[in-house]
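Heads up: the structure comes next, in structure tokens.
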Amino acid sequence: MSQKPTLPKGTRDFGPQVMGRRNYIIDTIKQVFQKFGFMPLETPAMENLTTLTGKYGDEGDQLLFKVLNSGNFLAKTSLEDYENGVKSMLHKVAEKGLKYDLTVPFARYVVMNQHDLTFPFKRYQIQPVWRADRPQRGRYREFYQCDADVVGTDSLICEAEIILMINEVLQKLGFIDYSIKINHRGILSGIAEEIGAKGKETDLFVAIDKLDKVGIDKVADELEYKGFTKESIERLKTILNISGVSESVVQQLTENIGASTSGLKGINEVQEIINLVSSLGLDDNNTELDVTLARGLSYYTGAIFEVKINNVSIGSVSGGGRYDDLTGIFGLKDISGVGFSFGIDRLYDCLDELNLFNDEALIFTNVLIVHFDQESLNYGLKILSELRSVGIRAEVYPESAKLKKQFGYADKKNIPFTIAIGSDEIKSGLLSFKDMKTGEQKKLTSAEIIKNLKPINE
RNA sequence: GUGAUUGUAGUUCAGUUGGUUAGAACGCCUGAUUGUGGUUCAGGAGGUCGCGGGUUCGAGUCCCGUCUUUCACCCCA
């Protein structure tokens, strides 16, 4: 008696249909990254637990998947450990863990290879990561991240180029209505200073981050609960109200928090980034300064970004920012970097929701050879290798079967063209070439067919 | 991690207060059509009712456990 197999919680298979579309997204992103000089990197699925723990906060540590030691993993434990619980036990039974994101393994890589790398070092990385989170729609235990980072320079050109890359990827994918939001940790610190909440930045940022979700009143409630004074909150409300086109936002911000050194620095940097973006030839971008943008990750120190596709139910599809000391935790100081990440699953969902997927992503085989008998099958094999030799994706129906079945195969596999071969075709050398979409059929030589097929394959 | 929620054919879902042989649509297979797929028509196959236990004369239906799905919180892509 066999049991029906199932998948572990929060994991998925990607069938050919889904893979066709995912590959289309990934290929588009790769092309753009490479155009901007980013080089590929892959790191192992597993890292040493010591590399991973302590980098994502207490909650992050709990979400790490740990890998049990091989063999008798209980060998190093004692009865005492059982009594002391997980904390005392864990490092004795598990020394490896699945990676939680791509940034920390990247930092580890940079530190380990610091003497071989040429800085500024630009890399992109598209790999799965694992989190023992409780899954929900759009949240999985295994999912792909797609990161691009530059380390070893603090030039704001990097930030500007990130905005360019985001724009190019989104436009190539067919998105029109989206916004790239930019803010700066300096601006947020300036706000904290200005409202007299220095030292409480984390609470403040976490609350601000929820603004677009829960509204200003709920944010105010939360801050009051966390011990912020009434005056601070009122002052914050006026600052967060600042909105509009970038120039006026900059203007108003300077008036409000220009007195703070870090605030001013943040404002100037954002201004500079926006200038650089237009120097790089992108005037009509969807970038806006949004003072309410506050990404939770604590390692960001400079500019931060987030990208939203408008009019869809999905949250942000991309995000990132500058960090001044990512490699410091591994002992390499003063390496500034800036990076960002696309959420492939979310881009997929957005494209799906907006119906932007091109059918071409689902064409795997370009042409199927259909035949009537053994003789025409043999003849078809020659045609098949002729097609393949010029790079056309072609296949033959591998067994003798009714035409209905062979054409049905082409139809279900979304193969756009067929070549039917029978005794007539063999005699004349003119093959029956059919466009499955229009139903149109012509008698052509194999050379003519190749001409017809070539453009589709390129 | 906390609190809910879901699971019946390949898929999406019906299934009455616990009562005979668990249904539909789509999909699949065969034929109408032995040189042509998508449309149409006719027929057919397909179910350990998530899994394990319990209550009962009797459980898809009630109870417990477990796994899974979805949702809110937390956090995040």
Side-chain angles (χ1 to χ4, degrees), chain A residues 1-12 15 17 25 56-64 86 99-103 126-147 202 205-207 209-210 213-214 218 222 294-298 305-309 313-320 339-350 368-373 376 397 400-426 431-443:
Chain A
M1 201 160 73
S2 68
Q3 246 180 340
K4 279 186 186 170
T6 55
L7 238 32
K9 188 194 273 247
T11 64
R12 300 156 291 167
Q17 254 227 338
I25 295 173
Y56 310 104
D58 286 346
E59 297 204 12
D61 285 356
Q62 286 190 331
L63 296 181
L64 286 172
V86 181
K99 65 175 172 243
Y100 180 89
D101 69 0
L102 301 180
T103 311
I126 303 173
Q127 286 192 272
V129 299
W130 293 267
R131 295 184 190 178
D133 209 352
R134 194 175 283 203
Q136 287 180 23
R137 179 187 296 285
R139 292 176 72 171
Y140 304 94
R141 289 186 152 181
E142 180 188 63
F143 63 96
Y144 278 73
Q145 284 196 335
C146 171
D147 280 26
T202 310
F205 298 165
V206 167
D209 198 31
K210 292 180 192 156
K213 237 186 189 172
V214 301
K218 285 258 171 73
E222 182 174 330
R295 292 177 60 79
L297 290 171
S298 53
F305 320 94
E306 197 159 288
V307 183
K308 284 210 170 96
I309 309 294
S313 55
I314 292 117
S316 68
V317 296
S318 175
F340 76 110
S341 164
F342 279 113
I344 291 179
D345 297 297
R346 291 194 173 178
L347 281 173
Y348 185 100
D349 290 343
C350 288
L368 175 75
I369 295 177
V370 172
H371 47 86
F372 294 92
D373 48 37
S376 51
Y397 196 83
S400 295
K402 288 183 181 168
L403 286 199
K404 182 184 169 73
K405 190 152 192 183
Q406 301 189 47
F407 277 98
Y409 177 79
D411 191 47
K412 270 176 211 136
K413 224 178 142 174
N414 200 28
I415 300 175
F417 297 100
T418 53
I419 297 170
I421 299 174
S423 51
D424 295 354
E425 283 83 358
I426 296 176
L431 313 178
S432 299
F433 180 63
K434 182 170 182 176
D435 181 332
M436 293 296 278
K437 208 170 175 184
T438 63
E440 213 179 313
Q441 188 165 307
K442 285 187 234 169
K443 293 263 188 174

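Within every chain, numbering begins at 1; the chains are lettered A, B, ... in the order of the sequence lines, protein sequences first and strands thereafter.
Among the heavy atoms of the strands lying under 4.0 Å from A/Gly439 is at least one base atom, whether or not backbone atoms are also near. Contacts of A/Lys413 with the nucleic acid, taken as non-hydrogen atoms under 4.0 Å apart, are absent. The residue A/Gly10 sits close only to the backbone: its heavy atoms come under 4.0 Å of sugar-phosphate atoms, none of a base. Residue A/Glu59 is classed as a sugar-phosphate contact, given heavy-atom separations below 4.0 Å to backbone atoms only.
With both ends at atom C1', the span from B/rG10 to B/rG27 equals 7 Å, rounded to whole Å.
With ring centers used as reference points, A/Phe305 lies 6.0 Å or more from A/Phe340.
Here the P atom of nucleotide B/rU70 and the CZ atom of A/Arg12 are 10 Å apart, to the nearest Å. To the nearest angstrom, P of B/rU70 lies 12 Å from CZ of A/Arg139. Computed from coordinates, the A/Leu403 CG to B/rU34 C1' distance equals 9 Å when rounded to whole Å.
When each of B/rA77, B/rU36, B/rG38 is scored by its nearest atom to the side-chain atoms of A/Asp411, the top-ranked nucleotide is B/rG38. Side-chain atoms of A/Arg134 lie closest to B/rA72 of the nucleotides B/rG37, B/rA72, B/rG35.
For a distance-only test at 3.5 Å, the side chain of A/Gln441 qualifies as a donor-acceptor partner of the base of B/rU36.
Considering only side-chain N and O atoms, A/Lys404 lies nowhere under 4.0 angstrom from the phosphate OP1 or OP2 of B/rU30. A/Lys402 has no side-chain polar atom (N or O) that falls below the 4.0 Å cut-off from OP1 or OP2 of B/rA32.
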